[in-house]
Protein chains: 2
Amino acid sequence: MSDIGIKQLAKNLGISTASVSRALSNPDRVSTAMRKRVQTAAKLAGYRPNKMGASLRTSKTRNIIVIIPDISDTFNSGVIRSLERTAANRGYSVLFGDTQGIRELEITYGDMVQTRQADGIICFSHRLPFTDEDMASDSFKMPPLVNSCEYIDAAQAGGHIVPLVTIDNVKASRELTQHLIDLGHIDIAVITGDISSPSTTQRLQGYQQAMLSSGLPVQQQLIYEGTYTLEAGSTITKEILLAKKRPTAIFCMCDETALGCLYALKEHNFSIPNDISVVGFDDIKFAQYFSPALTTIAQPVAEIGQQCVEVLIDIIDGKEIKKPMVVLPHRLVIRDSTGPRPDR
Amino acid sequence: MSDIGIKQLAKNLGISTASVSRALSNPDRVSTAMRKRVQTAAKLAGYRPNKMGASLRTSKTRNIIVIIPDISDTFNSGVIRSLERTAANRGYSVLFGDTQGIRELEITYGDMVQTRQADGIICFSHRLPFTDEDMASDSFKMPPLVNSCEYIDAAQAGGHIVPLVTIDNVKASRELTQHLIDLGHIDIAVITGDISSPSTTQRLQGYQQAMLSSGLPVQQQLIYEGTYTLEAGSTITKEILLAKKRPTAIFCMCDETALGCLYALKEHNFSIPNDISVVGFDDIKFAQYFSPALTTIAQPVAEIGQQCVEVLIDIIDGKEIKKPMVVLPHRLVIRDSTGPRPDR
DNA sequence: TATACATTGGAATACGTTTACAGTGTTCTC
DNA sequence: GAGAACACTGTAAACGTATTCCAATGTATA
């Protein structure tokens with residue numbers, strides 16, 4: 001803990017700094033005697049190599065910057081935890097940038113690779129964290145970057161391929177909708193996420209596909225634009241209840257929204273699933289404790305986080321990536337918030 | 001974005017690196033003409049200063065490491081978000097270390113200040129992230145560190161005073177218990193958090209104080225040792241229901257536990273608050289959407305995060321800190337999960 | 001025995017920045 | 001108009017490490 005540097009340590013031992021460095025970070029390039037001597041001396045003196053110095057020399061920071069619109073979102077939290085864990089195992093630290101969806105902040109955090117504060121980026125947004133200006137420049141070089149859960153349009157990315165770790169949103173959404181259709185539901189309302197995000201679009205697609213392939217009409221007035229929040233679920237559900245012809249099922253595009261939805265329904269004395277069925281998406285840890293327990297799509301949170309980091313590190317290490325897209329399996333979890341369509 | 005350094009930029013402009021550095025980071029120490037010239041050239045060339053180099057020189061990283069047992073805990077998430085935001089405003093980045101309560105990981109992350117990867121630490125644990133061995137060493141110097149919500153025993157800290165940002169857990173717990181007592185409850189069960197954490201002990205104290213000052217007995221068999229999790233709430237509640245003499249109220253030491261508790265009660269067809277009252281602690285964003293909406297103690301999440309960062313940066317900047325402990329106001333939020341003691 | 005070869009340690013350098021110090025020219029003061 | 005004060009810029013030395021050369025030593029080969 002004493003503020004000792006490699007030079008001082010070398011001097012104490014009467015050897016060169018090179019030997020110290022080797023003994024500590026490349027132990028096999030040095031004799032056993034030397035290795036032991038240096039290592040014990042280092043421990044004794046409480047020597048801690050200054051990572052700044054090392055980083056400057058090697059131009060590797062062993063940091064990963066995670067750019068995320070809302071770090072306190074429950075689904076994200078799960079992924080984050082896994083990210084951090086995997087990164088730590090691989091010898092990387094994780095920095096977080098919570099952007100609140102603000103473009104300017106995205107750019108700021110995106111810049112951290114350029115300024116050598118991080119070796120790569122994991123992004124939870126559908127936009128790249130670089131200015132159009134930067135990306136248009138012909139000297140632009142895409143830094144190591146992996147996207148989590150949100151597809152980035154190749155056009156927006158200026159032709160760059162952005163690796164992606166995700167589930168198949170279309171398919172998951174189709175299955176979830178099909179589950180409702182199988183229960184006899186015909187009028188199925190949807191509360192979407194932010195309409196600008198591809199995950200929302202994809203889930204909407206899945207919904208439409210399921211409806212059409214069962215010969216059911218897609219009713220535009222049943223599609224409500226929301227956000228991935230509790231509040232949206234609550235307020236929009238009230239709106240839905242005011243409709244002349246009420247749906248018998250509500251598809252919420254995330255679990256938080258579904259909780260808001262359940263809340264509003266119960267507030268108005270609807271019985272779930274007897275009067276109205278509700279489904280969510282994500283399977284956050286609370287979902288099974290909701291009342292009623294929520295039918296939803298479970299995303300493999302831990303695997304998503306892990307894969308993001310693995311792929312990113314591969315890119316950082318300059319390895320060839322076979323597939324730019326990792327699609328992980330989801331799971332339809334049927335609980336108590338869905339039931340047969342009520343007779344009218 | 002082109003990989004250009006300060007030297008090259010200086011050479012291009014036919015000036016010294018000193019002038020470039022000054023023009024960019026100390027603009028007032030340079031003539032207007034020079035400033036403009038350098039700034040436009042820098043922008044044009046896409047020059048991004050290498051922070052590693054700067055850090056090495058200044059021995060400031062502008063990083064803060066946050067050591068936290070569970071990053072995905074809903075209460076923590078809120079604080080984290082605020083932390084990150086405040087830090088960013090003050091020009092600091094935040095690194096996260098999720099320790100899962102594992103001692104070894106705490107140490108690893110605690111070491112990041114010694115290895116110059118961060119300037120200070122914000123800690124969410126009741127233990128310091130240093131080995132006893134290190135702390136015993138007389139060359140040990142406490143790095144800038146602030147504790148969030150958890151008191152650290154001075155003895156454990158080897159006599160060091162550890163700044164703390166928290167609410168008054170004893171008082172909050174007392175008020176919460178008093179609320180139940182005011183409703184006529186006498187047999188009030190408690191589901192604690194991890195018994196090793198001071199916040200739990202303090203909340204327990206508050207409970208006992210309230211009981212005693214109302215002349216009610218503290219019944220040891222009503223105090224159940226749990227953890228700050230959903231699962232604990234659910235399983236322990238079932239245990240409580242099996243007791244010969246059932247309590248009429250349950251005090252859960254965090255909202256997640258309370259949700260688990262509500263779940264178990266409903267599963268066994270208890271009506272809340274008619275049969276049993278339930279209170280939580282924290283007021284996580286879900287609390288008001290629970291059914292019934294949860295009576296709880298609201299912690300000022302945003303302020304906690306902000307204060308932690310402010311105090312830490314003051315310490316880093318070597319400022320004298322007036323008070324080593326910042327106690328923020330909490331708020332008793334009465335919702336629908338509590339009601340009068342039922343007649344038996 | 002002489003030569004090639006493997007192993008090991010040391011000296012020096014580079015990474016990219018900031019900053020103390022020195023130097024130059026300009027303006028101000030009396 | 002001389003000297004001081006000032007504003008600005010350049011020179012060069014760090015910061016702490018990893019690594020590339022080289023030299024030296026010991027070891028196996030011809």
Side-chain angles (χ1 to χ4, degrees), chain A residues 1-39 41-42 45-63 91 111-119, chain B residues 1-39 41-42 45-63 91 111-119:
Chain A
M1 197 74 58
S2 42
D3 256 358
I4 188 180
I6 198 172
K7 280 183 194 163
Q8 187 56 46
L9 188 60
K11 192 180 287 179
N12 290 354
L13 287 163
I15 59 176
S16 74
T17 62
S19 299
V20 176
S21 174
R22 275 193 289 249
L24 294 175
S25 32
N26 272 58
D28 41 326
R29 305 196 61 72
V30 100
S31 70
T32 333
M34 169 72 75
R35 179 166 53 234
K36 287 233 166 124
R37 205 156 76 91
V38 172
Q39 285 176 346
Y47 167 68
R48 296 282 189 288
N50 180 324
K51 297 269 183 181
M52 287 292 124
S55 286
L56 183 57
R57 177 61 224 254
T58 59
S59 68
K60 291 236 169 292
T61 64
R62 309 232 101 195
N63 282 156
D111 209 38
M112 295 183 76
V113 170
Q114 316 301 337
T115 59
R116 308 306 166 89
Q117 303 192 76
D119 299 338
Chain B
M1 198 73 59
S2 43
D3 255 359
I4 188 180
I6 198 171
K7 280 184 194 163
Q8 187 57 45
L9 187 60
K11 191 181 286 178
N12 290 353
L13 287 164
I15 59 177
S16 74
T17 62
S19 296
V20 175
S21 173
R22 276 191 289 248
L24 295 175
S25 33
N26 271 59
D28 41 325
R29 305 195 63 71
V30 99
S31 71
T32 331
M34 170 75 77
R35 180 166 51 233
K36 287 229 166 128
R37 205 155 78 91
V38 172
Q39 285 176 346
Y47 167 68
R48 295 282 190 290
N50 181 325
K51 298 267 185 185
M52 287 295 124
S55 286
L56 181 57
R57 175 61 222 250
T58 60
S59 70
K60 291 237 168 290
T61 63
R62 308 231 101 197
N63 283 156
D111 210 39
M112 294 183 77
V113 169
Q114 316 300 338
T115 60
R116 307 306 165 89
Q117 303 193 76
D119 299 339

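Naming: A, B, ... by sequence-line order, numbering from 1 per chain.
- A distance of 6.5 Å separates CG of B/N50 from CG of A/L56, quoted to the nearest 0.5 Å.
- Residues forming a side-chain contact (heavy atoms from CB on, under 4.5 Å) with A/S31 (at least two apart in sequence, or on another chain): A/A33, A/M34.
- Following rounding to the nearest Å, B/D28 (CG) and D/dC8 (C1') show an atom-to-atom distance of 13 Å.
- With sequence neighbours excluded, the residues satisfying side-chain hydrogen bond (donor to acceptor under 3.5 Å, both in side chains) with A/D119 are A/T61.
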Using a 3.5 Å cut-off and no angle test, enumerate the donor-acceptor pairs between side-chain atoms of residues 7-26 of chain B and protein atoms at least two apart in sequence or in another chain.
residue	atom	partner	partner atom	Å
B/Q8	NE2	B/N12	OD1	2.9
B/S16	OG	B/A18	N	3.4
B/S16	OG	B/S19	N	3.3
B/S16	OG	B/S19	OG	3.4
B/S25	OG	B/S21	O	2.8

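- Under the side-chain hydrogen bond (donor to acceptor under 3.5 Å, both in side chains) criterion, A/R116 pairs with B/D3, not counting sequence neighbours.
- We find that CZ of A/R37 is positioned 15 Å from P of C/dT8, with the value rounded to whole Å.
- Rounded to a whole Å, the NZ atom of A/K11 is 20 Å from the P atom of C/dG9.
- The distance between atom CD1 of A/I15 and atom P of C/dG9, rounded to the nearest whole Å, is 8 Å.
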- Note on the structure: With B for base contact, S for sugar-phosphate-only contact and - for none (protein heavy atoms under 4.0 Å), nucleotides 13-20 of chain D reads BBBBBBB-

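- In this structure, B/S31 reaches the D/dT9 phosphate: one of its side-chain N or O atoms is under 4.0 Å from OP1 or OP2.
- Residues satisfying the side-chain hydrogen bond (donor to acceptor under 3.5 Å, both in side chains) test with A/T115, not counting sequence neighbours, are A/Q117.
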